Amino acid sequence: MSTFYVTTPIYYVNDIPHIGHAYTTIMADVITRFRRAEGYETFFLTGTDEHGQKIEKSAAAQGITPKILADRVVERFKNLWQILDIRYDRFIRTTDADHVAGVQHLFRRVLDKGDIYPGEYRGHYCVSCEGYVPETAEKSQSGNKICPDCGKETELLTERCYFFRLSAYEEPLLRFYAEHPDFVQPASRMNEVISFVKMGLKDLSITRSTVKWGVPVPDDPEQTIYVWFDALSNYITALGYPETTADFSRFWPADLHVMAKDILRFHAVYWPAFLMAADLELPRGELIHGWWLKDERKMSKSRGNVLDPHILLKHFPADAIRYFLMREAPIGADANFSHQGFITRINTELTNDWANLISRTGGMIKRYFNNRFPGKAAYSPTEDELREDYLELENEVRAFFDSYAFNRGLERIMEYISRLNRYIVEAEPWKMAADESLQPRLEAVLKTLVRAILSTNTLLAPVIPRSADRIRAFFNHDSRTFGWKDPGESFDVRDVEPLFPRVDPEAFFAEETQSEHAEPSPKETTMSEKPQTPEGIATIDEFKKIRMVVARVLAAEKVEKTDKLLRLTVDTGSDTRTLVAGIAQYYTPEELVERKIIIVANLAPAVIRGIESKGMILAASDKDGRPYIPIIPEETPVGSIMR
RNA sequence: GGCGGUGUAGCUCAGCCGGUAGAGCAGUCGGCUCAUAUCCGAUAAGUCGGGGGUUCAAGUCCCUCCACCGCUACCA
């Protein structure tokens with residue numbers, strides 16, 4: 001039997017499960033169920049990433065061990081997966097003993113081969129946060145990077161660590177991509193990966209001595225294995241690596257890693273390189289989906305617009321959420337989530353079209369035949385047509401699902417469901433029921449409907465498994481494979497009950513606005529918010545060191561070959577000076593000239609794009625970094641000091 | 001700045017290798033009654049972002065411009 005191995009990323013336990021996690025996991029679950037219905041033997045893996053400094057610190061802040069913290073969050077993930085009918089074969093945790101052993105084995109193997117070597121890591125270290133800041137962090141005027149978490153200056157630090165020889169895999173990776181152009185889907189993401197690798201790869205630091213909560217490096221217990229080497233390995237350790245007997249040999253290489261776009265590079269560059277270094281086979285495919293946006297913006301904790309699946313689950317069955325997520329967004333693109341859109345989609349397609357079709361069919365079988373078909377049906381060509389149409393539908397839908405175009409596949413299914421509703425109207429079974437001689441025709445119509453419903457149900461089942469089971473139960477037919485379903489000529493059915501109760505939008509919104517105000521639960525915020533930093537207080541003397549004055553813009557122009565920079569010439573009252581500001585995306589030179597602004601006058605000068613900037617313009621900055629330059633009353637004298 | 005993508009009816013989007021525009025939702029009108037007031041039919045005059053080109057013929061190919069998005073660089 002062919003096998004199919006699907007994974008989700010392992011989710012970091014510093015975060016509680018939200019709609020984004022649910023989306024990835026549901027997608028992987030749908031793919032797994034779909035392959036199973038096709039006859040594959042499947043393995044579906046999900047789990048949690050539990051190591052690292054953030055966990056260590058969150059746990060310390062709560063006065064518990066990292067493992068206990070992880071245990072708690074893991075429960076939340078498992079609960080949600082259960083509610084959402086996610087059926088995984090293994091839930092792996094990076095703290096699982098077999099994973100730890102597997103990672104160490106992989107590490108040693110690559111070390112022995114020479115692609116891991118000891119060296120020194122230089123990075124910008126934030127003393128108060130006890131961590132390195134990313135290379136992308138912004139720099140202060142004095143040239144040190146600023147910690148994005150606490151806003152303090154970092155210092156350049158050097159520590160001993162191990163490197164992975166990623167640079168050696170540039171060519172092999174490019175060759176691999178060329179030979180497997182479908183490795184990453186959608187194709188646009190594959191292009192991103194290729195262009196990234198073509199720009200050159202640097203060796204990767206893969207251990208830390210500053211992180212205690214992690215997998216120890218074999219024979220060097222001061223070092224722990226850093227995030228990606230540890231986390232990505234889960235895809236093989238979950239199958240028993242380094243043991244190559246049972247699951248590993250059967251399911252590796254993975255058929256599909258499913259993930260969101262933000263971790264593409266780690267999966268499409270680092271992971272294949274690690275595997276090459278260990279002489280292991282590479283995964284066959286990676287499926288990259290976009291983000292769910294709320295109000296056109298990325299959901300984020302700091303913005304407070306994260307969508308909690310539990311709110312939807314109060315009003316809708318899990319199937320509805322699964323259906324919506326698969327139906328609404330084309331794979332790859334970001335999609336906007338709106339409650340209104342959600343309710344409309346579910347009410348129209350699942351309630352009005354699909355559930356109502358089943359309801360009216362079941363209702364007529366009960367009313368006209370008392371739930372038992374006598375087996376005297378007289379068919380017409382129309383019934384054959386419906387069967388033919390279904391077979392065509394099935395082919396198309398399977399093709400769509402094969403290419404992960406779930407939205408298109410479901411759309412196509414809805415088309416067929418419409419066709420069935422139309423069939424009822426055209427056949428007018430209620431008129432047949434009034435005429436005794438048309439009983440065989442009536443039976444044929446209703447029986448054909450049952451067959452079509454059961455058949456369509458197998459296509460929908462991967463997406464909405466729970467209602468699919470109920471439908472099988474209504475019609476006493478249990479087949480799970482694809483194909484035209486036929487329970488026979490003479491059979492009993494049960495009473496049909498409502499599948500997707502209609503949700504009244506007004507009632508929904510009335511309740512939601514209430515609960516949203518009551519929502520923010522204290523426990524969740526302590527876990528995600530960073531601890532208070534009392535050291536962040538400035539004394540009055542420190543404040544006085546900063547000299548802010550009102551200045552007038554004399555001239556402004558865009559700095560050549562930059563997107564964001566404006567060069568401003570300003571009158572400070574005591575001198576005329578030049579400064580550079582990164583506001584060109586939001587302010588035109590014209591609207592700034594003659595305007596009064598506040599600048600920091602005694603800031604150490606910095607050279608930006610070859611221009612010496614003496615000072616800095618003050619502007620409010622929102623969550624997206626968009627600047628807002630305050631309005632200064634026109635009568636304010638130039639040179640006035642802010643205090 | 002470099003690379004890539006998107007821009008089609010009020011909204012969300014289909015339109016493969018070129019042949020004179022489609023679906024769903026919303027709206028309007030009408031029909032049925034089996035059904036969770038559900039279903040069915042009719043109804044859309046949208047410069048297919050702007051401009052130019054190739055062609056007998058272009059949302060569909062080429063060039064260019066604009067807007068937005070992604071990756072990346074530079075940078076606040």
Side-chain angles (χ1 to χ4, degrees), chain A residues 136-141 146 186-200 261-262 264-265 268 288 290-291 293 296 298 327-330 332-336 338 340-341 343-345 347-368 400 405 407-408 410-412 414-415 417-434 442 445-446 449 496-504 559-566 579-586 606-611 613 616-617 619 621 625-627:
Chain A
T136 53
E138 59 187 76
K139 258 185 225 162
S140 73
Q141 304 283 9
I146 300 288
S188 55
R189 298 293 172 196
M190 183 78 263
N191 294 337
E192 277 179 26
V193 171
I194 291 170
S195 64
F196 175 79
V197 173
K198 277 185 175 163
M199 284 191 303
K261 61 185 183 181
D262 51 342
L264 165 63
R265 187 186 306 167
I288 320 301
W291 285 326
L293 310 176
E296 308 289 337
K298 182 179 190 313
R327 171 72 179 90
E328 187 78 2
D334 291 350
N336 200 41
S338 88
Q340 184 60 59
I343 293 173
T344 302
R345 186 120 255 165
N347 277 348
T348 56
E349 296 183 1
L350 287 185
T351 303
N352 295 350
D353 292 348
W354 177 233
N356 184 50
L357 170 69
I358 291 151
S359 177
R360 63 201 303 209
T361 301
M364 286 189 280
I365 298 172
K366 182 183 169 96
R367 181 195 281 229
Y368 303 141
F400 279 131
N407 59 326
R408 303 293 310 286
L410 290 170
E411 183 184 26
R412 185 67 184 78
M414 281 304 139
E415 238 176 87
I417 290 169
S418 275
R419 170 81 183 86
L420 296 176
N421 274 317
R422 204 177 316 125
Y423 170 64
I424 295 180
V425 172
E426 285 163 0
E428 300 183 301
W430 47 92
K431 288 189 179 165
M432 294 175 177
L442 180 60
V445 169
L446 294 178
L449 282 167
V496 165
E497 293 151 18
L499 278 171
F500 294 98
R502 159 168 290 272
V503 171
D504 176 31
V559 179
E560 293 279 328
K561 309 217 171 195
T562 66
D563 295 339
K564 304 181 181 178
L565 298 188
L566 284 186
L579 47 94
V580 175
I583 55 175
Q585 287 168 315
Y586 303 98
V607 177
I608 299 164
R609 297 297 285 185
I611 302 164
S613 179
M616 149 183 169
I617 183 167
S621 181
R626 191 211 153 104

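Remember, it's a predicted structure, so these values are computed and weren't measured experimentally. Residue numbering restarts at 1 for every chain, and letters A, B, ... go by the order of the sequence lines.
When all heavy atoms are compared, the tightest approach of A/Pro429 to A/Met364 is CG-SD, 3.6 Å.
Between A/Arg367 and B/rU33 there is no side-chain N or O to OP1 or OP2 distance below 4.0 Å. For A/Arg502, no side-chain nitrogen or oxygen approaches OP1 or OP2 of B/rA37 to under 4.0 Å.
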Distances for protein N/O vs nucleotides 39-41 of chain B N/O pairs under 3.5 angstrom?
unit_1: B/rC39; atom_1: OP1; unit_2: A/Asp353; atom_2: OD1; d: 3.1
unit_1: B/rC39; atom_1: O2'; unit_2: A/Arg360; atom_2: NH1; d: 3.2
unit_1: B/rG41; atom_1: OP1; unit_2: A/Arg422; atom_2: NE; d: 2.9

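As the counterpart of B/rA73, no nucleotide is assigned, since no Watson-Crick or G-U wobble pattern has both distances under 3.5 Å. Here B/rU28 sits opposite B/rA42 as a Watson-Crick or G-U wobble pair (both hydrogen-bonding atom distances under 3.5 Å). Pair assignment for B/rU6 gives B/rA67, based on Watson-Crick or G-U wobble hydrogen-bonding distances that are each under 3.5 Å.
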Verdict with reasoning, A/Gln340 to A/Thr344, per side chain to side chain donor-acceptor pair (under 3.5 Å): CA-CA 6 Å; A/Gln340 184 60 59; A/Thr344 302; 3.3 Å; yes
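Mapped onto RNA chain B by nearest heavy atom, A/Pro501 and A/Thr344 fall at different nucleotides, with A/Thr344 at the one closer to the 5' end.
For the P atom pair drawn from B/rC56 and B/rG49, the interatomic distance equals 25 Å after rounding to whole Å. When the P atom is compared between B/rC11 and B/rG31, the two are found 32 Å apart, to the nearest whole Å. Going from the P atom of B/rG52 to that of B/rA26 covers 39 Å, rounded to whole Å. The separation of B/rC16 from B/rC3, taken at their P atoms, amounts to 26 Å, rounded to a whole angstrom. Remark: the separation of the P atoms in B/rG18 and B/rU60 is 11 Å, to the nearest Å. Taking the C1' atoms as reference points, B/rG50 lies 32 Å from B/rU43, given to the whole Å. Comparing B/rU33 with B/rC39, their C1' atoms are spaced 9 Å from each other, to the whole Å. For the P atoms, the distance linking B/rG4 with B/rA9 amounts to 27 Å, nearest Å.
The glycosidic torsion of B/rG31 lies more than 90° away from 0, which places this base in the anti conformation.
Each of B/rC34, B/rC71, B/rG4 was ranked by its minimum atom distance to the side chain of A/Glu192; first place goes to B/rC71. For A/Glu349, counting side-chain heavy atoms from C-beta on, the closest listed nucleotide (B/rA14, B/rG24, B/rC34) is B/rG24.
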